[in-house]
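Keep in mind it's a predicted model, so treat the numbers as computed, not measured.
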There are 2 protein chains.
Amino acid sequence: MSSPNAEHPLKVMIVDDHPPMRMGLIALINSHPRMSVIAEAADGEEAFEVYEDVLPDIVLMDLRMPGMGGAEATLAIRKRYPDAKIVVISTYDWDEDIHRALQSGAASYILKDMPIEDIAETVEAVYKGEATLPTTVAKRLAERERREPITDREREVLEALVKGRSNKEIARDLSISDETVKSHFKTLFAKLQVRDRTEAAISAIRHGIIHIDE
Amino acid sequence: MSSPNAEHPLKVMIVDDHPPMRMGLIALINSHPRMSVIAEAADGEEAFEVYEDVLPDIVLMDLRMPGMGGAEATLAIRKRYPDAKIVVISTYDWDEDIHRALQSGAASYILKDMPIEDIAETVEAVYKGEATLPTTVAKRLAERERREPITDREREVLEALVKGRSNKEIARDLSISDETVKSHFKTLFAKLQVRDRTEAAISAIRHGIIHIDE
DNA sequence: CTGCCTCTCACCCATTTGGGGGAAATCTTA
DNA sequence: TAAGATTTCCCCCAAATGGGTGAGAGGCAG
């Protein structure tokens, strides 16, 4: 594999659901001497299809998108192409988002408020196999490690909570007794270091454990 | 005032805290034959300062920014320059955000998931004095009208709630009795059409009444 | 097979929250 | 100034939530 140059630039694919952001990322990459955008997609499914078509050297992928998000798309692509290099770019530095993206096989996680030079640099660095994570992002990830891991069941309870359900309703939804729901909340309060359900809901949203909207 | 043409293009100013988005909006406007970006800013305060310096024909302004947001910046600019034409562009179509932006004097409110052609079109239309609001946005705004207006005090209570405070703590914070807090919640539940405080908190966030983060 | 973890459920009891009234004080504005 | 909205507070009572403790069933890893 020869290193990219003016004749054989690094082939980049852009994935983002916002047209102007897509335009900016394309302009950013194309203005770099050794990189060139060869494809774009507006959501996760399209990203997977287009990836197979064009087989880019690297993907610059948004995280939050309608339908299939960036983490799922990363997982899908790397399942078929384990060497795929994907840089996730997001608005938020929420620890669960970061964790999910990296778990899914993203090589890096960067933020949209970074200077465009840093974004381009990360893309090139990742292509070269240099693992880079911005300090802000790494710090958030470290914070997450310090938090006790939340189990699948607990996540389901949180999800129902954020939908506005009462203990009884959550119990019905999950086919368990409401005493069990209370029990889950007790452990959740401890893990999230909060005192009541409202705080728990907000905390879950702020950490990206549960996604509002859609 | 002569109409913009290739020699005298419409002078546009771009305000957004995300460098790649700024780059995209600039590229978008500059690729239009009758428009040209003459200045940019990364937050509300900078927007005001730069506006005074360059006096653009129109501003394309992001809503959510660290420090002074787009609505406050719009208000500040139009206080000094009542004829300033400002198009707010946002990720979210939350009714309170839309309302605040238009209340602040924005001429239109558009979304970042719109096609770039529509964005450019809106900017030009607004300059010509044609008021345009995307149907999605107009619909959200209409929904808001159907909701009973929330008072300032109630908003403060909601804000404290989203911070995770209990009734007693909210009472202490606002120097009122906790019976009064309960009273405010009673009316809030009715206005937001929810049954408990957790739902109220989520609803307040989803409508953009209270902003999480920062 | 034996811990360890998760999920499940139960009981008790204190506190918090929510729903029904009503009412005085203040502030706005027609 | 009088109507109207807002903010403040009160009472009562029912329902929901939260904290402590304990414990059985099932799964998974060493």
Side-chain angles (χ1 to χ4, degrees), chain A residues 96 99-100 103 144-207 209-210, chain B residues 96 99-100 103 144-207 209-210:
Chain A
E96 280 293 322
H99 176 257
R100 258 196 301 271
Q103 272 294 310
R144 184 184 177 282
E145 308 308 323
R146 279 196 291 282
R147 199 178 62 221
E148 284 202 73
I150 282 137
T151 68
D152 290 342
R153 201 52 161 171
E154 286 160 1
R155 197 182 312 275
E156 290 184 84
V157 172
L158 273 182
E159 209 162 339
L161 174 69
V162 172
K163 281 184 185 146
R165 305 270 190 279
S166 70
N167 284 356
K168 250 173 213 155
E169 289 167 332
I170 297 171
R172 214 175 34 70
D173 287 4
L174 303 183
S175 310
I176 52 179
S177 112
D178 58 334
E179 284 295 328
T180 306
V181 175
K182 286 170 69 176
S183 177
H184 283 309
F185 271 123
K186 271 182 265 199
T187 54
L188 274 170
F189 294 162
K191 287 181 177 180
L192 296 174
Q193 308 195 66
V194 297
R195 294 167 303 167
D196 58 53
R197 52 181 42 228
T198 306
E199 270 195 282
I202 306 283
S203 171
I205 293 167
R206 293 191 64 115
H207 286 293
I209 299 170
I210 303 297
Chain B
E96 278 294 321
H99 176 256
R100 259 196 301 270
Q103 272 295 311
R144 185 185 178 279
E145 306 309 324
R146 279 196 292 283
R147 199 177 62 221
E148 284 203 72
I150 282 138
T151 68
D152 290 342
R153 202 52 162 170
E154 285 161 0
R155 197 183 312 276
E156 289 183 84
V157 172
L158 273 181
E159 210 162 337
L161 174 69
V162 171
K163 281 185 185 147
R165 305 270 191 278
S166 70
N167 284 356
K168 249 172 213 158
E169 289 168 330
I170 297 171
R172 214 175 33 71
D173 287 4
L174 303 183
S175 310
I176 52 179
S177 112
D178 58 335
E179 285 294 330
T180 307
V181 175
K182 288 171 66 177
S183 177
H184 283 309
F185 272 122
K186 271 184 264 198
T187 55
L188 275 170
F189 294 162
K191 287 182 177 180
L192 297 174
Q193 308 195 65
V194 298
R195 293 167 304 168
D196 57 54
R197 51 181 43 229
T198 305
E199 269 194 282
I202 306 283
S203 171
I205 294 167
R206 293 191 63 114
H207 286 293
I209 298 170
I210 304 296

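As rounded to whole Å, 13 Å separates atom C1' of C:dT26 from atom CZ of B:Arg153. Rounded to whole Å, the distance from NZ on B:Lys168 to C1' on C:dT15 is 7 Å. Here the P atom of nucleotide D:dT17 and the CD atom of A:Glu199 are 16 Å apart, to the nearest Å. Summarising the geometry, the separation between CD1 on A:Ile176 and P on D:dA25 is reported as 18 Å, rounded to the nearest angstrom. B:Asp178 has its CG atom 10 Å from the C1' atom of C:dT16, to the nearest Å.
Residue B:Arg197 places no side-chain N or O under 4.0 Å from the OP1 or OP2 atom of D:dA16. Close to D:dA16, at under 4.0 Å from its OP1 or OP2, lies no side-chain N or O of A:Ser166. Put simply, A:Asn167 has no side-chain N or O that comes within less than 4.0 Å of OP1 or OP2 on D:dA16. Close to C:dA10, at under 4.0 Å from its OP1 or OP2, lies no side-chain N or O of A:Ser183. Dashed line: the shortest gap from a side-chain N or O of A:Thr180 to OP1 or OP2 of C:dC7 is not under 4.0 Å.
Residue B:Thr151 is the one, among B:Thr151 and A:Arg165, whose nearest nucleotide of DNA chain D lies closer to the 5' end (criterion: closest heavy atom). Comparing A:Glu154 and B:Glu179 by the nucleotide of DNA chain C whose heavy atom lies nearest to each, the residue mapping closer to the 5' end is A:Glu154. Mapping B:His184 and A:Arg195 onto DNA chain D via the closest heavy atom, the residue that lands nearer the 5' end is B:His184.
Taking 4.5 Å as the limit, every side-chain heavy atom of A:Thr151 sits out of range of all side-chain heavy atoms of A:Thr187. The shortest side-chain heavy-atom distance between A:Leu174 and A:Arg153 falls under the 4.5 Å cut-off. B:Glu96 places none of its side-chain heavy atoms less than 4.5 Å from the side chain of B:Ile150. Side-chain contact between B:Arg172 and B:Asp178 is absent, with no heavy atoms from C-beta onward closer than 4.5 Å.
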- [ ] Convert the base pairs of DNA chain C into dot-bracket notation, remembering that pairs crossing earlier ones are written with [ ] and that bases paired across to another strand are shown as |; include only Watson-Crick or G-U pairs under 3.5 Å.
- [x] ||||||||||||||||||||||||||||||
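Contacts of A:Phe185 with the nucleic acid, taken as non-hydrogen atoms under 4.0 Å apart, are absent.
For the pair B:Lys191 and B:Glu154, the salt-bridge criterion is met [side-chain N within less than 4.0 Å of a carboxylate O].
Applying the 6.0 Å contact sphere to CD of A:Gln193 captures no more than 12 heavy atoms from other residues, nucleotides or ligands.
Between the side chain of A:Lys182 and the base of D:dG18, at least one donor-acceptor pair of N or O atoms lies under 3.5 Å.
For A:Lys186, the listed nucleotide lying nearest its side chain is D:dT21; candidates were D:dT21, C:dG21, C:dT8.
In terms of heavy-atom proximity, B:Ala171 sits nearest to B:Ser177 at CB-C, 3.8 Å.
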